[in-house]
Amino acid sequence: MGSPLKAFETDYAELHAFLLENNQLSMANFLENHSRKIYLLSCASYYENQITRILEQFIRSHTDDERLAVLAMNCAVNRKYHTYFNWDQISSIGSFLGLFGFDFKVRIQAEIKKDPERAQQIEAFLIIGQERNKMMHRNYLEYTLEKTFPELRLLNARASAFLQWLGEVFDAP
């Protein structure tokens with residue numbers, strides 16, 4: 001089974017095509033405007049869930065003491081996601097990497113610097129988080145999301161690749 005975001009993309013495309021085929025242009029525009037916002041929020045929520053899961057697995061794989069794992073989850077993971085990243089700086093995840101120590105941060109930043117595609121993935125991830133914050137703090141219903149659905153799909157594809165890589169980074173010793 002694919003990602004729930006892929007299912008959303010498919011459902012949106014089918015409904016949008018149906019509305020256009022049936023000359024329901026105002027409804028197609030309404031769907032386009034609101035689906036983009038819902039999709040963006042869905043992406044951001046999915047990323048938060050995935051990073052939280054990655055960190056929980058990382059913590060649990062490095063301790064056998066349930067008390068320590070619970071403490072780390074309660075103090076460093078649960079409800080902390082939005083503090084990990086500088087959402088206004090869409091070119092770096094240095095603040096997040098720094099949470100795991102200077103050596104880790106330097107090593108991973110060097111890896112990222114060697115891979116321009118990875119940098120694009122990180123930027124896409126941060127753009128989605130930044131747009132989510134703007135939308136939620138500037139009146140969701142009146143917020144104008146400038147990105148098209150295809151642009152958002154491309155950002156999601158790149159950000160998803162970043163999440164997969166991040167999972168591998170935290171799986172490695």
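Since the model is a prediction, treat every value here as computed from it, not as a measurement.
Between S26 atom OG and L19 atom CG the span is 9.0 Å, to the nearest 0.5 Å. Here the CD-OG distance, from E9 to S35, works out to 11.5 Å after rounding to the nearest 0.5 Å. I122 contributes atom CD1, which lies 4.0 Å from atom CD1 of I93 (distance to the nearest 0.5 angstrom). With rounding to the nearest 0.5 angstrom, the CD atom of Q50 is 4.0 Å from the OH atom of Y46. For the atom pair CE (M136) and CD (E131), the distance works out to 13.0 Å, reported to the nearest 0.5 Å. Here the straight-line distance linking atom CD of Q57 with atom OG1 of T52 works out to 11.5 Å at 0.5 Å rounding.
Residue pairs meeting the salt bridge (Lys or Arg N to Asp or Glu O under 4.0 Å) criterion with at least one partner in residues 29-58, sequence neighbours excluded, are E32-R36, E56-R60. Applying the side chain to side chain donor-acceptor pair (under 3.5 Å) rule to pairs touching residues 118-129 yields R118-Q121, sequence neighbours excluded.
Considering every non-hydrogen atom in both A124 and A159, the closest pair reads CB-N, 4.0 Å. Residue A44 comes nearest to I128 through the heavy atom pair N-CG2, 4.0 Å, listed as atom of the first residue, atom of the second, then distance. The two atoms that bring G94 and K105 nearest to each other are O-CE, 3.6 Å, heavy atoms only. Across all non-hydrogen atoms, the minimal contact from A28 to L20 is CB-CD2, 3.8 Å. The minimum heavy-atom distance linking N74 with N78 is given by the pair OD1-ND2, 3.3 Å. When all heavy atoms of Y47 and S160 are compared, the closest pair comes out as CE2-OG, 4.4 Å.
Remark: the backbone N or O of R67 is paired with a side-chain donor or acceptor of D65 at under 3.5 angstrom. At distances below 3.5 Å, not a single donor-acceptor pair connects side-chain atoms of N156 with backbone N or O atoms of L152. A donor-acceptor distance shorter than 3.5 angstrom exists from the side chain of E151 to the backbone of T148, with no hydrogens or angles considered. In terms of modelled atom types and a separation under 3.5 Å, the side chain of N49 and the main chain of S45 share no donor-acceptor contact.
For an aromatic pair to be called close, the ring centres must be under 6.0 Å apart, and Y12 with Y39 fails this.
Linking Ile, Leu, Val, Met, Phe, Trp and Tyr whenever their side-chain heavy atoms come within less than 4.5 Å puts L141 and L40 in one cluster. Hydrophobic clustering (side-chain heavy atoms under 4.5 Å, transitive across Ile, Leu, Val, Met, Phe, Trp, Tyr) keeps V70 apart from M73. Linking Ile, Leu, Val, Met, Phe, Trp and Tyr residues whenever their side-chain heavy atoms come within less than 4.5 Å leaves L126 and L154 in two separate clusters. Under the 4.5 Å side-chain heavy-atom criterion for grouping Ile, Leu, Val, Met, Phe, Trp and Tyr, L166 is not connected to V106 through any hydrophobic cluster. Under the 4.5 Å side-chain heavy-atom criterion for grouping Ile, Leu, Val, Met, Phe, Trp and Tyr, M135 is not connected to F30 through any hydrophobic cluster.
Contact of the Y140 side chain with the L145 side chain is not registered, since no non-hydrogen atoms from C-beta on lie closer than 4.5 Å. The shortest distance between side-chain heavy atoms of W87 and R132 does not fall below 4.5 Å. Counting only heavy atoms from C-beta outward, the side chains of R138 and N133 never approach each other to under 4.5 Å.
The 12-atom threshold is exceeded at NZ of K134, counting heavy atoms of other residues, nucleotides or ligands nearer than 6.0 Å. Residue-environment remark: CZ (F104) exceeds the threshold of 12 foreign heavy atoms within 6.0 Å.
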Stepwise side-chain contact (heavy atoms from CB on, under 4.5 Å) check, Q109 with S92: CA-CA 9 Å; Q109 283 181 323; S92 172; 4.1 Å; yes

Verdict with reasoning, L97 to I112, per side-chain contact (heavy atoms from CB on, under 4.5 Å): CA-CA 12 Å; L97 298 174; I112 293 166; 4.3 Å; yes

Audit row: F100, F170, ring pair (Phe, Tyr, Trp, His ring centres under 6.0 Å) steps and yes/no: CA-CA 11 Å; F100 302 93; F170 280 93; 4.9 Å; yes

side-chain contact (heavy atoms from CB on, under 4.5 Å) assessment of F85 paired with I51: CA-CA 12 Å; F85 303 95; I51 288 179; 3.9 Å; yes

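Using cut-offs of 30° and 60° on the angle between ring planes, the pair Y84 and Y81 is perpendicular. Aromatic ring orientation, F125 versus F162: tilted (interplanar angle from 30° to 60°).
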